[in-house]
2 protein chains.
Amino acid sequence: MPRTSSGTRPVTLRDIAKAAGVSINTVSRALNGKPDVSEATRALVQAVASRLDYRPNQLARGLRQQRTATIGVVIADVANPFFAEVVEGIERTAYQEGYSIILANTEEDQDREARAVRTLVERQVDGILMAPAQRSDETVRYLMQRHVPFVLLARFFEGLDVPAVVNDDREGARLAVRHLVQRGHRDILYLNGPPYNSSARLRLSGYRDALEEAGIAFRPEMVLTTDARSTGGYAAIQQALAGGLEFGAVFCFSDYVSFGAIKALRQAGLSIPRDVAVMGYDDIDLAAIVEPALSTVHVAKTRLGQVAVRMLMGMIEGSSSRSERVGMVVLTPQVVIRESA
Amino acid sequence: MPRTSSGTRPVTLRDIAKAAGVSINTVSRALNGKPDVSEATRALVQAVASRLDYRPNQLARGLRQQRTATIGVVIADVANPFFAEVVEGIERTAYQEGYSIILANTEEDQDREARAVRTLVERQVDGILMAPAQRSDETVRYLMQRHVPFVLLARFFEGLDVPAVVNDDREGARLAVRHLVQRGHRDILYLNGPPYNSSARLRLSGYRDALEEAGIAFRPEMVLTTDARSTGGYAAIQQALAGGLEFGAVFCFSDYVSFGAIKALRQAGLSIPRDVAVMGYDDIDLAAIVEPALSTVHVAKTRLGQVAVRMLMGMIEGSSSRSERVGMVVLTPQVVIRESA
DNA sequence: TTGTACGCGTTATCAA
DNA sequence: TTGATAACGCGTACAA
């Protein structure tokens, strides 16, 4: 009966060495596939190791190698479907490359973000993926100063030239609004996200771009700010309706906001898209499933995560050949026409 | 100008010791709030530490203390809103307690689950939270044998007596179907999840319980199996309609499935809830936002995560006083009546 | 109150 | 090809 470690203390290299009658260090090299070890001893060591069900202690290994095969992921909130899908892409890619991910939610809180990053650094992650909360220059500078490889997700800073993977928000918004214009709409409401969000600022620009292209005057009162959360769209539409605003179409900061908007519109007796057309942004899974299926701007979320991981890995591997100029990757959005617009 | 670590190697205890003119160990105790150190030295050490912007290396600390303040979270998929919210609860609670979480997706794959758990063990997590894929006894046994504290999430095994936090799936389904019965429905379709899922089996029981209570005969053809993913509900309803099945209400395994079902029903010209009533399960954020607002069974997802973490912490702390019988916590579901039923 | 010495489990350097 | 030995950074006996 194979005697596995059925009780007490975890099996270490020392245990294997003793059982196999060789030195600790020989065990290490045999197990790590190093060249300088005879096939006979390697086989022996491997046999003993698997008999004892040996598992390397990654803490010790990391301490020694200055490398943990771990990356930190700092986002606002996993419960947000957008981030959830990004994280899914990150996890899958990281896993394929042999990395684990430590996840931290910031809830858009500057302080939590700063603390999360420091915790991750203490835990010796090899790199960090972060969707910065606001203008968190301080945190970014901290990372740069510490020479911790990092890539920004989905959002970025106009000023700083740092590695980032983003969606072309301005273009996405432009395309969405252009689609509405092509359907004959001229009174287009925009339910924007909070202004601290770089995407919100850019999408507003795209909205204006499209209007200008079509020779439609921009009217500030047609832009409402929502909190990008669940009920934001609902409240904004109610407000617009109550204020007597005239509009035939609504472009929303996110699919989430769209859902709320649609609900409010329908409750007001309006039909989608006959009375009011609605376009979302993100193209989360549910956009295609609800009724009416949501017309929206597709953002390659898992791809975004995947690209960010690969970029980060590049920086991690090449961190010896210091300070390679790693730029910003911009993913191209795509309009998806379904039923709502 | 405060000279921070502006370049090279991270600051260690040794650096502080040298700069402060004391021994490494004094620095360690001063920083960790140990009693045997004069206030003067403590102040000095702290000053130097903060001047150098010292960050403890948690790898070294973990190696030494046999405790990493890290827990592993193994689930099918973060992109699934149910799990996303559970993870949110986990992360928040863990963070409050000073723990970090390592996240691993299994995509319902037995092998990935087994590997994920082993990786986590190698990384010396203090405990594991896992939503087991199928009957993954093997993995559970592995954890028990290694004496790794763990708590099962949302699903469990009928046979094994292991710590778990679950929703009372049978009761939830019973309540949901009872509500439909009370609305006068007798032909109630059930779109169930895959049978390897313990929740699916239990909810089916609850469905039958409610029928029995109402004196309605159970008809196997009224139970359809979906993949619980996006399009599952849509396809199932189309199939039911094509098959000429008569029903006035549909109870769904998840809100996700409900959305697909509603879409298919509406496309067939049916109105919700006038022609067909629909009930979901989970009560994800979007259930309240879509139109019609979804009647569903509320599961306290963040709470589930929170309770699981606290339970796990209890096991971790008390792991010295071995083998406490930590049982199963069952969360009570609640029916939420909105518009769809 | 403080310092010395050791060990956590691993990998890397250098002789043998 | 193999084996001592020394780190990695920290906490903790024990001694001073």
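Here is how names work: the chains are called A, B, and so on, in the same order as the sequence lines, proteins then strands, and each is numbered from 1.
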Report task. Please assess Thr70(A) against Arg123(A) for the test side chain to side chain donor-acceptor pair (under 3.5 Å), listing each intermediate value before the final yes or no. Result -> CA-CA 9 Å; Thr70(A) 307; Arg123(A) 288 180 183 281; over 6 Å; no
Requested in this report: Please lay out, stage by stage, how Arg92(A) and Glu107(B) fare under the test salt bridge (charged side-chain N to carboxylate O under 4.0 Å, His left out).
Outcome: CA-CA 10 Å; Arg92(A) 187 184 312 165; Glu107(B) 293 171 11; 3.5 Å; yes
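Residue-to-nucleotide contacts include no donor-acceptor pair under 3.5 Å from the side chain of Asn25(A) to the base of dT2(D). One can find a donor-acceptor pair under 3.5 Å joining the base of dA7(D) and the side-chain atoms of Arg64(A).
What separates CG of Asn57(A) from C1' of dT11(C) is a distance of 13 Å, to the nearest Å. Following rounding to the nearest Å, Gln124(B) (CD) and dC8(C) (P) show an atom-to-atom distance of 13 Å. With rounding to whole Å, Leu13(A) atom CG is found 15 Å from dA4(D) atom P. Nucleotide dG9(C) holds its C1' atom 12 Å from the CD atom of Gln65(A), rounded to whole Å. Put simply, CZ on Arg55(B) is 17 Å from P on dG9(D), counting in whole angstrom units. Between the CZ atom of Arg67(A) and the P atom of dA7(D) there is a distance of 23 Å, given to the nearest Å. Distance CD (Gln58(B)) to P (dC8(D)): 19 Å, rounded to an integer number of Å. Atom CG in Leu31(A) sits roughly 13 Å away from atom C1' in dT11(C) (whole-Å rounding).
Two residues are said to be in side-chain contact when any heavy atoms from C-beta on lie closer than 4.5 Å; Asp15(B) and Arg9(B) meet this criterion. Looking at heavy atoms from C-beta onward, Thr119(A) lies in side-chain contact with Ser100(B) at the 4.5 angstrom threshold.
For the side chain to side chain contact (heavy atoms under 4.5 Å, CB included) with Val117(B), the lone residue among Met130(B), Glu122(B), Glu138(B), Arg112(B) that qualifies is Met130(B).
Backbone-only contact: Arg61(B) has heavy atoms under 4.0 Å from sugar-phosphate atoms and none from a base.
Taking side-chain N and O atoms only, Tyr54(B) has no distance below 4.0 Å to OP1 or OP2 of dG9(D). Within the structure, every side-chain polar atom (N or O) of Thr26(B) is placed at least 4.0 Å from both OP1 and OP2 of dT2(C). Contact annotation: Ser28(A) reaches the phosphate of dT11(C) (side-chain N/O to OP1 or OP2, under 4.0 Å). For the pair Arg14(A) and dC8(C), the criterion of a side-chain N or O lying under 4.0 Å from OP1 or OP2 is met.
Only Asn32(A), Lys34(A), listed by number, bring a heavy atom of residues 32-48 of chain A to less than 4.0 angstrom from any atom of DNA chain C.
Residues satisfying the salt bridge (Lys or Arg N to Asp or Glu O under 4.0 Å) test with Arg141(A), not counting sequence neighbours, are Asp137(A).
Other residues, nucleotides and ligands contribute over 12 non-hydrogen atoms within 6.0 Å of the CZ atom of Arg118(A).
Closest-nucleotide positions on DNA chain C for Leu63(A) and Ile24(B) were compared, and the one nearer the 5' end corresponds to Ile24(B).
Distances from the side chain of Ser23(A) to the nucleotides dT12(D), dC8(D), dG3(D) place dG3(D) closest.
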